[in-house]
Amino acid sequence: MVVTRFAPSPTGYLHIGGLRTALLSYLWARRNGGKFLLRIEDTDKSRNSEEAALAIVEAFKWVGLEHDDAIVYQSARDGVYAKYILQLLDEGKAYKCYMSKDELTELRETQMANKERTRYDGRYRDFDGTPPEGIDPVIRIKAPKTGEIVIDDGIKGRVSFQAEDILDDFIIARGDGSPTYNFVVAIDDALMGVTEVIRGDDHLSNTPKQMVVYRALGFDLPKFYHVPMIHNADGKKLSKRDGATDVMAYKEMGYLPEALLNFLVRLGWSNGDQEIFSLDEMLTLFDPSSINKSASIYNIDKLDWLNAHYIKNSTNTALATLLHESYGVNVHGHDQKEILLDALKERAKNMKELAELIPGIIEAPTEYDEKAVKKAFKDDAIAVLEAFVTKLESAELLHLPTDYHHQMEALVSEMEIGFGKIGMPLRVALLGSMGGPGMDSVMAIIGKDETIARIKKAVETLS
RNA sequence: GGCCCCAUCAUCUAAUGGUUAGGAUUCAUGGUUUUCAUCCAUGCCAUAGGAGUUCAAAUCUCCUUGGGGUCACCA
């Protein structure tokens, strides 16, 4: 069975880059009928892990990703780690190191001064004398001193390191006994049965260390997929400074989760010329081994385009629900919902914008844009509007946009004028400015009485 | 700096030794529209550089250059 996992460190919210690796892990697990697990890496006890986990679950819920089984908290697994530390100590695969932090710093400085690689010198590796007083020893694992370490990465291919270049006997437990990251990651992945580790390629250089732990403990290695980073416009790793990195901020900005997921899955991965992917399509098509090797730059333009696309293709019912729940905007009645949203959903880049467009239609204008008035109200505009009011008053069964359209057509043919002669002044009268949806739709949305009232008010104010 | 990774339009990417190097976004222009947006059409724009291998290189090899990541008793 394929088991993947997402293992964020608790920073308080779900990062957009994290969502991408989570999505990819999720897709691959689901496609193979496997499991997608969630683990919170909170070995640093000073941070509030409960809150962070909640924030991540909330974001998962918003985008529709579901993890299997209970969330695993590393902070609750001290006993597990302690057991393995003891085991390694017993087997002579790890040892206590009594070097003080000052000594360590000193060693590093000397090495730096000599332009050597900074590394632990292994002075306690085979120590059997009397340990110095007053030092809480750290536990170090015996790492190979020489030899080649090869990662058979599902994305990068064969990546090879020399032990002498990168390894030393690294710390697996601190002076206070708490275990360190590279140690617990390996243990948890192995114990949780993770078969494929899909994560950012900033972890590539951690992998050899984790492999040392796997080997020492006799665990089977998972398949690694190191996904290239997402960069900002400057080509650097995306960071908080780059603005919207919190997934939930995208909800606030009015993005649809399907747009965000579609955008993220296309970063570094493609299926021919296809741009639009439903979650179902991703589920049948995605394969981590076809992810690109190079980093991609985060460019919001394409997200905007996708978001507009998904809004246009949403049902009015779905939009109305969202508008109500997230923006407190209510559209009343079946007709208004259908006609109004049909007219507006083609014009909004995001849900926030859509929400803001609505009052501009259903509320009467309180003022008239000066430029628009100047452009629209010349010659006999007033007379045309008055004639139109008369026409509407005598008309029956005005309901759909086409009904109003017929009225406009009739008027322009009777008066022998162009469409613009009625369209432009009418637009100013009903909306207060140029721009916006077709007048036939607007009239159908606000209805006959309101239409007449708005025209009369405009005629009165502007003549 | 050591180690590792990467390199096709501005951006996301396609082309797994043979294509006029394709698509999408952005941008520009035109059309549609009473207006704006949408939509449609058209256009602009790329194989980082240099050696090799080959009948043939974006694609394979090497070098250079450039970019990124990582080097903790953080995760």
Side-chain angles (χ1 to χ4, degrees), chain A residues 7-11 41-44 46-47 74 97 99-101 104-105 108 112 115-119 136-140 151 153 155-157 159-162 164-168 170-182 184-185 200-208 226 228-229 231 233-237 263 266-276 292-306 308 312 343-349 353 357 372 375-376 408 412 418-428 431 433-440:
Chain A
S9 54
T11 54
E41 313 238 304
D42 56 351
T43 50
D44 185 341
S46 60
R47 290 189 261 204
Q74 289 186 329
C97 170
M99 203 172 177
S100 70
K101 284 188 188 178
L104 231 193
T105 311
R108 257 199 281 271
M112 263 158 32
K115 295 198 170 159
E116 288 167 18
R117 170 166 98 80
T118 57
R119 70 207 294 187
D136 291 327
V138 299
I139 314 291
R140 291 181 179 272
I151 304 170
D153 193 89
I155 294 171
K156 305 281 187 185
V159 181
S160 156
F161 301 84
Q162 292 301 319
E164 53 266 45
D165 287 336
I166 53 158
L167 255 26
D168 62 3
F170 58 93
I171 293 172
I172 58 172
R174 303 180 183 95
D176 65 2
S178 63
T180 58
Y181 172 75
N182 285 120
V184 297
V185 164
D201 73 2
D202 50 345
H203 286 285
L204 192 58
S205 46
N206 278 326
T207 309
H226 285 100
M229 299 277 89
H231 285 169
D234 298 331
K236 309 267 195 245
K237 194 173 160 181
F263 174 70
R266 279 286 287 104
L267 244 37
W269 179 80
S270 62
N271 179 56
D273 286 340
Q274 186 173 354
E275 296 289 348
I276 305 297
N292 278 169
K293 291 175 168 190
S294 55
S296 35
I297 291 174
Y298 184 86
N299 180 250
I300 201 99
D301 284 339
K302 200 137 185 179
L303 210 208
D304 283 336
W305 174 75
L306 281 166
K312 268 179 285 204
L344 291 183
K345 72 183 176 187
E346 311 245 306
R347 332 176 60 82
K349 276 215 305 283
E353 217 172 271
L357 284 171
K375 193 175 174 194
M408 290 174 77
V412 297
F419 228 100
K421 291 281 183 199
I422 173 66
M424 294 208 282
L426 188 57
R427 179 168 296 283
V428 174
L431 300 177
S433 64
M434 302 303 264
M439 295 325 298
D440 42 11

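Below, chains carry the letters A, B, ... as their sequence lines are ordered, and counting in each starts from 1. Scope of the values below: all heavy atoms of this structure, side chains included, with no hydrogens, waters or symmetry mates.
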For Phe419(A) and Met99(A), take the nucleotide of RNA chain B holding the closest heavy atom to each; which residue's nucleotide lies nearer the 5' end? Phe419(A)
C1' spacing across the pair G1(B) / U59(B), given as an integer number of angstrom: 34 Å
Applying the 3.5 Å cut-off to both distances, the Watson-Crick or G-U partner of C3(B) turns out to be G69(B)
Scan every strand shown for a Watson-Crick or G-U wobble partner of U42(B), both distances under 3.5 Å, and answer none if you come up empty. A28(B)
Side-chain (Asp168(A)) to main-chain (Arg119(A)) donor-acceptor, under 3.5 angstrom: no
Rounded distance in Å between the C1' positions of C40(B) and C9(B): 23 Å
Using the P atom as the point on both nucleotides, what is the distance between A24(B) and A41(B), in whole Å? 9 Å
Applying the Watson-Crick and G-U wobble criteria at under 3.5 Å, what pairs with U53(B)? Answer none if nothing qualifies. none
Does Lys312(A) put a side-chain nitrogen or oxygen below 4.0 Å from OP1 or OP2 of C39(B)? yes
In whole angstrom, give the distance that lies between atom CG of Asp176(A) and atom P of C73(B). 13 Å
With rounding to whole Å, what would you report as the distance between A72(B) and G22(B) at their P atoms? 47 Å
Distance check needed: U70(B) P versus Lys237(A) NZ, whole Å only. 4 Å
So what's A14(B) paired with, Watson-Crick or G-U wobble, going by both distances under 3.5 Å? none
For the pair made of CD in Glu353(A) and P in U38(B), what is the distance, rounded to whole Å? 10 Å
To the nearest Å, how far apart are His231(A) NE2 and G66(B) P? 17 Å
Quote, to the nearest angstrom, the P distance that separates G2(B) from A57(B). 35 Å
Quote, to the nearest angstrom, the C1' distance that separates G50(B) from G66(B). 14 Å
Which nucleotide in the list C73(B), G69(B), A75(B) gets nearest to the side chain of Asn182(A)? A75(B)
Using a heavy-atom cut-off of 4.0 Å across all strands, would you classify Gly175(A) as base, sugar-phosphate, or nothing? base
Atom pairs under 3.5 Å, N or O on each side, protein against nucleotides 1-6 of chain B: can you list them with distances?
| residue | atom | partner | partner atom | Å |
| --- | --- | --- | --- | --- |
| C5(B) | O2' | Lys156(A) | NZ | 2.7 |

Arg266(A): partners by salt bridge (Lys or Arg N to Asp or Glu O under 4.0 Å), with sequence neighbours left out: Glu275(A)
Figure out the CG/C1' separation between Leu426(A) and U33(B), and round it to whole Å. 15 Å
Holding to side-chain contact (heavy atoms from CB on, under 4.5 Å), I want the full list of residues that pass it with Val184(A), two or more places apart in sequence or in another chain. Thr43(A), Gln74(A), Tyr81(A), Pro179(A), Asp188(A)
To the nearest 0.5 Å, tell me how far Met439(A) CE sits from Leu426(A) CG. 4.5 Å
For atom CZ of Arg427(A) and atom P of U33(B), their distance in whole Å: 14 Å
Taking Thr180(A) for its side chain and Ile171(A) for its backbone only, find out whether a donor-acceptor pair lies under 3.5 Å. yes
Of C73(B), C12(B), U35(B), the nucleotide closest to the side chain of Ile171(A) is C73(B)
Residues in salt bridge (Lys or Arg N to Asp or Glu O under 4.0 Å) contact with Lys293(A), at least two apart in sequence or another chain: none
Phosphate contact (A72(B) OP1 or OP2) by Thr180(A) side-chain N/O below 4.0 Å: no
Does His231(A) have any side-chain contact (heavy atoms from CB on, under 4.5 Å) partners at least two apart in sequence or in another chain, and if so, which? Met229(A), Ala295(A), Ile297(A)
Measure the CG-CZ distance between Leu167(A) and Phe161(A) for me, rounded to the nearest 0.5 Å. 10.0 Å
Less than 4.0 angstrom between a side-chain N/O of Lys345(A) and OP1 or OP2 of A37(B), yes or no? no
Counting only Watson-Crick or G-U wobble pairs whose two distances fall under 3.5 Å, which nucleotide matches A37(B)? none
Is Gly438(A) touching bases, backbone alone, or none of the nucleic acid, heavy atoms closer than 4.0 Å? base
Whether the side chain of Arg427(A) engages the backbone of Ala372(A) through a donor-acceptor N/O pair (distance < 3.5 Å, no angle test) should be reported. no
Same-atom distance (P) from G43(B) to A21(B), integer angstrom: 16 Å
Starting at the 5' end of nucleotides 14-29 of chain B, put B wherever the base has a protein heavy atom under 4.0 Å, S where only the sugar-phosphate does, and a dash everywhere else. S-------BBBSS---
List the residues meeting side-chain contact (heavy atoms from CB on, under 4.5 Å) with Asp301(A), not counting sequence neighbours, and say none if there are none. Asn299(A)
Please work out if Pro437(A) contacts a base, only the sugar-phosphate, or nothing of the nucleic acid, heavy-atom cut-off 4.0 Å. base
Re A75(B): Watson-Crick or G-U wobble partner, both distances kept under 3.5 Å, found to be none
OG of Ser178(A) to CD1 of Ile139(A): how many Å apart, nearest 0.5 Å? 11.0 Å
Which residues satisfy the side-chain hydrogen bond (donor to acceptor under 3.5 Å, both in side chains) test with Trp305(A), sequence neighbours excluded? none
With respect to the side chain of Met434(A), which nucleotide from U35(B), U11(B), A75(B) is positioned closest? U35(B)
A48(B) - base-pair partner by Watson-Crick or wobble geometry, distances under 3.5 Å: U64(B)
May I ask you to say what Arg108(A) touches in the nucleic acid, namely base, sugar-phosphate or nothing, with a heavy-atom cut-off under 4.0 Å? sugar-phosphate
On a plain distance test, is the side chain of Asp42(A) in donor-acceptor contact with the base of A75(B) below 3.5 Å? no
By side-chain contact (heavy atoms from CB on, under 4.5 Å) - contacts of Lys345(A) (at least two apart): Ile311(A), Asn316(A), Leu319(A), Asp342(A)
Atom OH of Tyr298(A) and atom P of U11(B) are separated, to the nearest Å, by 17 Å
Tell me the interatomic distance from Tyr181(A), atom OH, to U70(B), atom C1', rounded to whole angstroms. 12 Å
Say we look at U13(B) and U33(B): how far apart would their C1' atoms be, to the nearest angstrom? 34 Å
